[in-house]
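The structure under discussion appears below in the form of structure tokens.
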Amino acid sequence: MALTLYNTFNRRKERFEALAPPRVTMYVCGPTVYSYPHIGNARPAVVFDVLARLLRRTFDLEYARNITDVDDKINAAAQEQGVDIGEITEHFAHVYAEDMRALGVAPPDMEPRVTEHMDDIIRLIGELVDKGNAYEAEGHVLFSVPSFAAYGGLSNRSRHEMLAGARVEVAPYKQDPGDFVLWKPSDATTVGWDSPWGRGRPGWHIECSAMARAKLDRSIDIHGGGQDLIFPHHENEIAQSTCANDAQYARYWVHNGFVNMETEKMSKSLGNVLLVRDLLKTAPGEAIRLGLLSAHYRQPLNWTEQLLREAKKRLDGFYGVLLAAELGPAAGSTAEVPAEVIAALEDDINTPQALTALSALARQANRASDSDKGELRRLAALLRAGGVMLGLLKQNPEDWFKRGPTAPLNPDDAKPAMEDSVIDALLAERERHRQERDFEAADRIREQLEAHGIVIEDGPGGASWRRK
RNA sequence: GGCCACGUGGCGGAGUGGUUACGCAGCGGUCUGCAAAACCGUUUACACCGGUUCAAUUCCGGUCGUGGCCUCCA
């Protein structure tokens with residue numbers, strides 16, 4: 001099987017072919033660092049993390065995900081708090097990295113920041129001006145959309161259609177209503193850089209074009225991001241980069257769907273956001289990650305408490321297999337990734353199908369668990385390898401069951417925490433009662449533990465416990 | 001108004017021109033001192049109307065509905 005990806009540009013699934021194998025270049029639009037990431041922001045990070053893991057199996061991947069640290073929303077936040085923008089961006093870049101790590105997202109190979117590529121941005125704008133694709137007007141530099149005949153190819157709309165639906169006032173200095181800003185002037189109180197067009201700062205779209213070229217190449221294999229970036233952001237990137245580089249900008253455009261709250265898009269402007277760090281207080285990072293992977297990446301995902309609960313239970317099932325097989329932590333595992341998992345992921349990153357393959361392995365393993373320990377261990381190792389491929393099942397199963405969430409999903413379910421040593425002591429006491437066939441006393445201890453969210457499981461090797 | 005998705009069983013969610021998705025929940029059973037876990041079995045699915053076809057949930061057209069983009073947004 002070969003990798004196929006849905007290419008937004010052609011609106012169909014296509015077989016992936018690298019421009020210059022074994023090298024593959026991938027650029028994904030990363031965060032603008034001015035606030036805490038919400039679960040919707042986490043989706044592309046997780047999805048492209050899975051794609052990156054898949055690509056690394058067969059290619060020499062160069063994966064860049066930018067950090068936008070110059071932006072008017074950052075400026076607004078900095079002015080409001082009376083601090084330098086660097087304080088805001090440093091803080092939230094750190095928060096983003098922490099939250100993504102908690103979700104099992106491996107850092108990309110490169111995380112370029114806009115402020116570190118101002119020279120590249122200014123050079124790129126200069127090239128566009130020289131080529132006649134951009135012009136200066138009232139301190140601004142604008143991209144001339146009519147100069148790029150293929151404009152609208154990604155979002156599948158003509159300039160005429162866009163004008164019909166335009167809801168924004170057209171700035172008077174624009175030669176064409178569709179023209180967009182590459183560089184804009186900064187006043188004395190706003191952060192700015194010296195340029196041939198005066199002190200100013202970059203517009204929204206140019207930084208990705210500049211960093212993709214600086215960090216990867218003039219022509220890249222895969223460009224990813226959320227569906228809301230298709231227009232205007234990615235459309236404008238194509239215009240800038242194609243004109244400046246005289247080359248196809250990106251061969252495959254991959255866009256993830258939104259995370260919704262009650263079927264409505266989660267967005268900062270609507271205020272209906274669920275922060276990753278708040279979710280991490282209620283559930284393990286792997287459960288949140290599995291929740292994000294439980295629907296196909298292009299489908300909308302309705303984020304609910306039930307979704308998260310089901311994700312956690314599914315992981316409980318998988319870890320139950322690993323525990324029975326006494327596998328321990330993931331490090332050092334040499335098992336091959338199951339072919340079904342690879343096949344599912346190669347089919348346009350079909351993560352629900354990959355999870356189905358894991359469930360099938362778990363069932364087979366459980367079936368074998370009583371009669372054939374060797375088979376159990378073999379299947380469990382496959383399950384683990386498939387899970388790790390998805391960024392899951394990396395923990396020691398014992399830790400998974402003994403370390404509950406720091407807070408329950410529902411505050412009403414709050415139960416007083418209990419020390420491991422206390423639990424172990426109570427369990428030993430219960431064992432004595434059971435030896436003496438005093439089941440009433442034994443059951444009282446179980447109820448006592450239950451009240452603390454602890455479940456006892458009696459097995460052939462004695463009793464064990466786990467946190468719900 | 002333009003463009004684009006989507007509408008699957010109690011819920012979530014894949015997929016396919018003719019064969020069990022899978023997960024969660026429910027019900028029955030095996031196991032267990034009782035449980036839990038696990039396993040086995042099980043419950044009315046493919047919005048509606050036409051068309052193509054030997055055969056459509058799957059292809060085509062229409063209707064209705066939901067959502068997204070067209071403006072900062074993953």
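Below, all heavy atoms of this structure are taken into account, side chains as well, without hydrogens, waters or symmetry copies. So that the names make sense, note that chain A is the first sequence line, chain B the second, and so on, each numbered from 1.
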Taking atom [atom2] of [N] as reference, at what distance in whole Å does atom [atom1] of [X] sit?
X	N	atom1	atom2	result
A/Tyr297	B/A14	OH	P	12 Å
A/Arg446	B/A37	CZ	P	11 Å
A/Trp400	B/A37	CH2	P	16 Å
A/Glu375	B/C39	CD	C1'	16 Å
A/His255	B/A74	NE2	P	13 Å
A/Lys13	B/G15	NZ	P	7 Å
A/Arg157	B/G68	CZ	C1'	11 Å

Write down the distance separating the [atom1] atoms in [N] and [M], rounded off to the nearest Å.
N	M	atom1	answer
B/G1	B/U53	C1'	38 Å
B/C46	B/G7	C1'	10 Å
B/G13	B/A45	C1'	12 Å
B/U44	B/G26	C1'	14 Å
B/U16	B/C59	P	9 Å
B/G65	B/C49	C1'	15 Å
B/A14	B/G51	P	31 Å
B/A47	B/U57	C1'	11 Å

Distance only, no hydrogens: is a donor on one side chain within 3.5 Å (strictly under) of an acceptor on the other, for [X] and [Y]?
X	Y	value
A/Asp69	A/Tyr34	no
A/Ser186	A/Arg201	yes
A/Asn302	A/Thr304	no
A/Asp71	A/Thr68	no
A/Gln79	A/Asn75	no
A/Thr115	A/Arg113	no
A/Asp348	A/Tyr297	yes
A/Trp465	A/Asp424	yes
A/His94	A/Glu90	no
A/Tyr173	A/His140	yes
A/Tyr252	A/Glu14	no

task = Check A/His234, A/His255, A/His223 against A/Thr8 for a side chain to side chain contact (heavy atoms under 4.5 Å, CB included) and give me the one that passes.
result =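 Looking at A/His234, A/His255, A/His223, the match for A/Thr8 under the side chain to side chain contact (heavy atoms under 4.5 Å, CB included) is A/His255.
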
Is there a donor on the side chain of [X] or the base of [N] sitting less than 3.5 Å from an acceptor on the other?
X	N	value
A/Asp72	B/C72	no
A/Gln227	B/G68	no
A/Arg430	B/G33	yes
A/Asp443	B/G33	yes

Scan [X] against the nucleic acid and name what it touches under 4.0 Å (heavy atoms): base, sugar-phosphate only, or nothing.
X	result
A/Ile456	base
A/Lys265	base
A/Gly257	base
A/Ser359	sugar-phosphate
A/Arg363	sugar-phosphate
A/Asn366	sugar-phosphate

Given [options], which nucleotide is nearest the side-chain atoms of [X]?
X	options	value
A/Asp458	B/A37, B/C34, B/C11	B/C34
A/Arg434	B/G33, B/A21, B/A74	B/G33
A/Glu310	B/C22, B/G23, B/C69	B/G23

inquiry  = With a 3.5 Å distance limit and no angle check, can you tell me whether A/Ser155 reaches the backbone of A/Phe231 through a side-chain donor-acceptor pair?
reply    =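 No, the answer is negative, given that no donor and acceptor are paired below the 3.5 Å cut-off.
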
ask   = Are OP1 or OP2 of B/C40 and a side-chain N or O of A/Arg367 less than 4.0 angstrom apart?
value = yes

ask   = OP1 or OP2 of B/A74 less than 4.0 angstrom from a side-chain nitrogen or oxygen of A/Asn256, does that happen here?
value =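 Checking A/Asn256 against B/A74: no side-chain N or O falls below 4.0 Å of OP1 or OP2.
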
message = Please check if the number of heavy atoms outside A/Glu98 that lie under 6.0 Å from its CD is greater than 12.
response =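 Yes, CD of A/Glu98 has more than 12 neighbouring heavy atoms, counting only those of other groups under 6.0 Å.
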
ask   = How about A/Glu375: does its CD atom have over 12 heavy atoms from other parts shown lying under 6.0 Å from it?
value = yes

Distances for protein N or O near nucleotides 41-43 of chain B N or O, under 3.5 Å:
none

request  = With sequence neighbours excluded, give me every ring pair (Phe, Tyr, Trp, His ring centres under 6.0 Å) pair touching residues 358-402 of chain A.
outcome  =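 Listed by first then second residue: A/Tyr319-A/Trp400.
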
task = Dot-bracket notation for RNA chain B is requested: 5' to 3', Watson-Crick or G-U wobble pairs only, both distances under 3.5 Å, with ( ), [ ], | and . as defined.
result = (((((((..(((.....[...))).(((((.......)))))....(((((..]....))))))))))))....

task = Mind checking the NE2-CD1 spacing from A/His205 to A/Ile238? Nearest 0.5 Å is all I need.
result =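 Taking NE2 in A/His205 and CD1 in A/Ile238, the distance rounds to 12.0 Å.
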
task = Please work out which residues in residues 388-397 of chain A have a non-hydrogen atom less than 4.0 Å from an atom of RNA chain B and list them by number.
result = none

task = Return the residues of residues 37-55 of chain A meeting this criterion: a heavy atom under 4.0 Å from some atom of RNA chain B. Order them by number, or give none.
result = A/His38, A/Gly40, A/Asn41, A/Pro44

ask   = Angle class for the A/Phe92/A/Tyr36 ring planes (parallel below 30°, perpendicular above 60°, tilted otherwise)?
value =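 It falls in the perpendicular class, over 60°.
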
request  = Find out whether the Lys NZ or Arg CZ of A/Lys265 is both under 6.0 angstrom from the six-membered ring centre of A/Phe258 and within 45° of the ring's axis.
outcome  =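 Cation-pi check for A/Lys265 and A/Phe258: passes.
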
What's touching nucleotides 57-60 of chain B from the protein side, N or O pairs under 3.5 Å?
none

